[in-house]
Amino acid sequence: MVSPPPGAAAAAARARLRVGPAPRPLMGSQGRWGPPGNGGPGEGEGGEARKLQEGRVARGKRRKGKGKGKAGAGQGGRGSGAEGQPEPQKTTEAAGLGAEAGARAGPGAGREGGGSVEEGARRIARGAEGSTGAGKEAKGRDDGKKEAWRVRTGRREDARPGRAQGRRGQAWGRIAGPGVAMAAAAEEEAATREPAGRPAAGPALWRLPEELLLLICSYLDMQALGRLAQVCRWLRRFTSCDLLWRRIARASLNSGFTRLGTDLMPSVPVKERVKVSQNWKLGHCREGILLKWRCSQMPWMQLEGDSLYISQANFILAYQFRPDGASLNRRPLGVFAGHDEDVCHFVLANSHIISAGGDGKIGIHKIHSTFTVKYSAHEQEVNCVDCKGGIIVSGSRDRTAKVWPLASGRLGQCLHTIQTEDRVWSIAISPLLSSFVTGTACCGHFSPLRIWDLNSGQLMTHLGSDFPPGAGVLDVMYESPFTLLSCGYDTYVRYWDLRTSVRKCVMEWEEPHDSTLYCLQTDGNHLLATGSSYYGVVRLWDRRQRACLHPQQL
């Protein structure tokens with residue numbers, strides 16, 4: 001590379017000042033001493049701005065169609081004006097040759113030689129400025145295209161993957177955005193969708209036939225099945241089978257299965273019922289106040305369908321549950337009155353409400369109408385009443401129990417009057433409609449539980465022989481034609497089976513706080529609930545255990 005003498009640079013500068021700025025040429029303008037080009041100082045400045053803009057991604061990369069030059073005087077272009085690749089060496093050599101020729105011409109030929117030098121410098125300046133203008137114009141177009149691309153895709157160029165280069169990088173930038181989004185959406189959809197078949201990979205145990213897997217899993221308990229369901233989606237679906245949970249549900253509380261195996265709720269998955277039964281067992285519930293009243297009373301209540309019937313003072317109110325099933329409508333659906341004193345007990349049977357009042361009367365109310373009939377039944381308050389198969393039985397403080405027909409033409413006609421010789425606190429009719437049982441105060445006889453023939457009114461048998469005096473039975477209920485439950489003042493719940501023995505109960509549960517048990521209820525399977533008014537507590541029992549599960553404070 002030949003360096004120009006010092007005088008040549010000064011002469012070129014003076015010529016540039018004398019002739020003024022050259023007009024802006026079109027792209028592809030050619031100089032005299034070199035091949036056509038649009039490189040030069042302007043292109044060098046554009047390269048520096050592009051390096052600052054692209055940052056780390058575009059640093060050190062040379063893209064096709066663009067050049068990276070250094071800013072400085074005397075740098076020219078290489079190739080065509082459209083390519084714009086910098087070639088400062090040839091431009092410097094051209095300027096050096098022109099200056100050297102002018103110096104050798106001498107004073108006599110100064111003007112001619114100077115004209116040649118000035119003309120060469122002028123043409124070099126024109127080529128440089130033309131290439132600068134063309135480079136700026138091309139750079140402006142490229143920047144406009146880049147900005148439009150950024151606006152359309154919403155992605156910055158410097159956010160493209162680092163492995164993309166040149167046109168490959170641009171193509172990746174075009175497809176990366178929608179491609180990654182579609183892949184992420186497909187992966188999320190596949191994660192939420194249950195697999196149709198079992199997984200291809202895994203232990204050999206999972207590749208066994210489903211019948212063998214069901215047999216193996218049937219030996220697992222509830223906790224093991226729950227952990228197995230966390231292994232994969234296929235096992236979660238497989239372990240949700242009703243056949244695996246039926247055995248566990250039959251041994252759970254309030255799961256919809258009777259002791260004989262009858263499914264009372266076939267539309268509900270068995271696994272979900274087991275979850276609910278665990279809440280019953282552990283006492284996990286959502287507490288809420290359904291009704292409030294100011295005066296202190298001991299009401300009698302009964303749930304029938306989506307309505308709750310509750311006695312308050314001398315009338316009975318019917319409240320309907322809201323669609324959520326967790327609250328009651330504030331306004332009662334119906335009000336049934338007719339007694340002069342408090343309602344002691346009532347039952348629902350054959351779309352009728354049969355109530356027993358403290359005024360010694362029995363009231364019969366039609367549920368879906370205003371039909372109400374009351375008649376005098378006993379000389380003192382009627383403590384209990386029951387109705388099955390069109391027959392009403394009642395017990396009173398006057399030490400009698402009576403049998404009444406429910407037929408409309410025979411209301412108030414007593415069929416049988418039975419002298420119990422003790423105050424009657426509870427009464428229940430057998431499901432076979434052949435007998436009924438009375439629970440008395442246990443003051444005049446050693447056994448408060450006695451069974452009477454419904455047709456003749458004769459005593460059939462009595463239950464138990466070890467009741468202490470005053471151990472009155474306040475509630476009694478038949479669970480089947482041969483089994484019944486009783487509770488009362490002696491703080492015990494007793495379970496009787498008439499097929500085994502009438503002298504001793506099959507099983508008994510003692511109230512932990514020695515408080516009187518006023519009422520009881522069962523689901524016909526393993527759940528047993530008792531109510532105590534002294535502490536305002538409802539206790540839940542598992543009949544397969546001696547101790548109660550948990551108390552619920554009212």
Side-chain angles (χ1 to χ4, degrees), residues 298 300-302 344-349 354 356 382-389 391-397 399-403 418 420-454 457 459-468 470-511 516-524 527-533 539 541 543:
M298 188 179 64
W300 191 266
M301 64 180 64
Q302 188 167 346
C344 300
H345 195 277
F346 70 88
V347 293
L348 277 72
I354 296 93
V382 184
N383 294 322
C384 52
V385 66
D386 195 11
C387 179
K388 281 186 180 70
I391 298 296
I392 301 173
V393 292
S394 60
S396 173
R397 192 182 180 90
R399 302 184 180 186
T400 61
K402 296 185 179 182
V403 182
I418 301 169
T420 60
E421 301 179 2
D422 203 352
R423 290 169 293 179
V424 182
W425 294 117
S426 57
I427 200 166
I429 300 176
S430 170
L432 296 178
L433 303 179
S434 59
S435 61
F436 67 95
V437 59
T438 58
T440 60
C442 195
C443 294
H445 296 275
F446 60 90
S447 177
L449 285 172
R450 287 178 286 177
I451 299 177
W452 309 84
D453 185 83
L454 189 60
L459 178 64
M460 297 176 62
T461 184
H462 57 83
L463 304 178
S465 58
D466 54 353
F467 285 94
V473 177
L474 297 178
D475 196 11
V476 60
M477 64 172 296
Y478 272 96
E479 196 174 32
S480 71
F482 307 104
T483 58
L484 55 92
L485 292 161
S486 64
C487 66
Y489 281 115
D490 61 348
T491 71
Y492 277 91
V493 179
R494 290 182 172 88
Y495 180 62
W496 306 87
D497 193 340
L498 304 180
R499 296 166 296 184
T500 58
S501 174
V502 295
R503 298 294 179 222
K504 189 173 181 62
C505 65
V506 176
M507 194 170 183
E508 59 185 16
W509 301 271
E510 183 180 5
E511 218 284 330
T516 301
L517 300 177
Y518 284 87
C519 56
L520 59 89
Q521 189 59 257
T522 178
D523 65 342
L527 180 64
L528 182 64
T530 59
S532 172
S533 67
R539 294 188 183 275
W541 307 76
R543 294 165 58 173

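Just so we're clear, the structure is a prediction, and the values are computed from it rather than from any experiment.
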[atom1] of [X] to [atom2] of [Y]: how many Å apart, nearest 0.5 Å?
| X | Y | atom1 | atom2 | value |
| --- | --- | --- | --- | --- |
| Met477 | Cys519 | CE | SG | 11.5 Å |
| Gln521 | Thr530 | CD | OG1 | 11.5 Å |
| Asp490 | Glu508 | CG | CD | 8.5 Å |
| Asp386 | Ser430 | CG | OG | 10.5 Å |
| Ser480 | Asp497 | OG | CG | 7.0 Å |
| Tyr478 | Lys388 | OH | NZ | 9.5 Å |

What is the minimum heavy-atom distance between [X] and [Y], and which atoms define it?
| X | Y | result |
| --- | --- | --- |
| Arg499 | Thr483 | NH2-CG2, 4.2 Å |
| Leu520 | Ser486 | CD2-C, 3.7 Å |
| Val347 | Val385 | CG1-O, 3.5 Å |
| Gly395 | Val424 | CA-CG1, 3.8 Å |
| Phe346 | Trp300 | CE2-O, 3.1 Å |
| Ile354 | Ala349 | CD1-O, 4.3 Å |

Do any N or O atoms from the side chain of [X] and from the backbone of [Y] form a donor-acceptor pair under 3.5 angstrom?
| X | Y | answer |
| --- | --- | --- |
| Ser532 | Thr516 | yes |
| Thr440 | Pro448 | yes |
| Arg450 | Thr420 | yes |

For Val473 and Trp425, what are the C-alpha separation, side-chain angles and deciding distance, and is it a side-chain contact (heavy atoms from CB on, under 4.5 Å)? CA-CA 7 Å; Val473 177; Trp425 294 117; over 6 Å; no

Would you sort out whether Lys504 and Trp496 count as a side-chain contact (heavy atoms from CB on, under 4.5 Å), showing the intermediate values? CA-CA 8 Å; Lys504 189 173 181 62; Trp496 306 87; 5.7 Å; no

Min side-chain heavy-atom separation [X]-[Y] under 4.5 Å:
| X | Y | value |
| --- | --- | --- |
| Arg494 | Leu449 | no |
| Cys387 | Ile392 | yes |
| Ile451 | Leu498 | yes |
| Leu463 | Leu484 | yes |
| Val382 | His345 | no |

Please determine if Glu421 and Arg399 form a salt bridge, counting it only when a charged side-chain N lies under 4.0 Å from a carboxylate O.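 A salt bridge is absent here (no side-chain N lies under 4.0 Å from a carboxylate O).
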
Between side-chain atoms of residues 431-439 and protein atoms elsewhere (two or more places apart, or another chain), which donor-acceptor pairs fall under 3.5 Å?
from	atom 1	to	atom 2	distance (Å)
Thr438	OG1	Trp452	NE1	3.0

Asp475: which residues meet the salt bridge (charged side-chain N to carboxylate O under 4.0 Å, His left out) condition with it, sequence neighbours left out?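 With neighbours one apart ignored, the set is empty.
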
Which of parallel (below 30°), tilted (30 to 60°) and perpendicular (above 60°) describes Tyr489 and Tyr518? perpendicular

Identify, with sequence neighbours excluded, every residue that meets side chain to side chain contact (heavy atoms under 4.5 Å, CB included) alongside Thr491.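 Here the qualifying residues are Glu510, Glu511, Asp514.
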
